[in-house]
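Reading through the structure tokens given below for one structure.
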Amino acid sequence: MTAGGIALWIAVAVVAASLSRLVARLFWAFALAAGVLLLVHMRADPGEAALGLAALGGGWLAVRPLRRLLTGGLL
């Protein structure tokens, strides 16, 4: 998987988590699993894994503000 592919899938997951509370709860499990896999991947390609971890962390922090922006503060 390329660095752009990792960032794209994380962006999709963040938008989905912003729109659905169920997906937001599942995002925690995804973030944990993806973080562990990216740490393991760091041995093979540190730059790509670091980009994935940075995108995952930024996406995780953006879920709540993005949800409020997309739903008008209703959820």
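The structure presented is a predicted model; accordingly, all values stated were derived computationally and were not measured.
A search for side-chain contact (heavy atoms from CB on, under 4.5 Å) contacts involving Ala34 returns Phe30, Leu56, not counting sequence neighbours.
In this structure, Leu61 is not a member of the same hydrophobic cluster as Leu51, with clusters built from ILVMFWY side-chain heavy atoms closer than 4.5 Å.
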- Query: Would Leu53 and Met42 satisfy side-chain contact (heavy atoms from CB on, under 4.5 Å), going step by step from the backbone distance to the final call?
  - Reply: CA-CA 10 Å; Leu53 283 171; Met42 195 164 290; 3.6 Å; yes

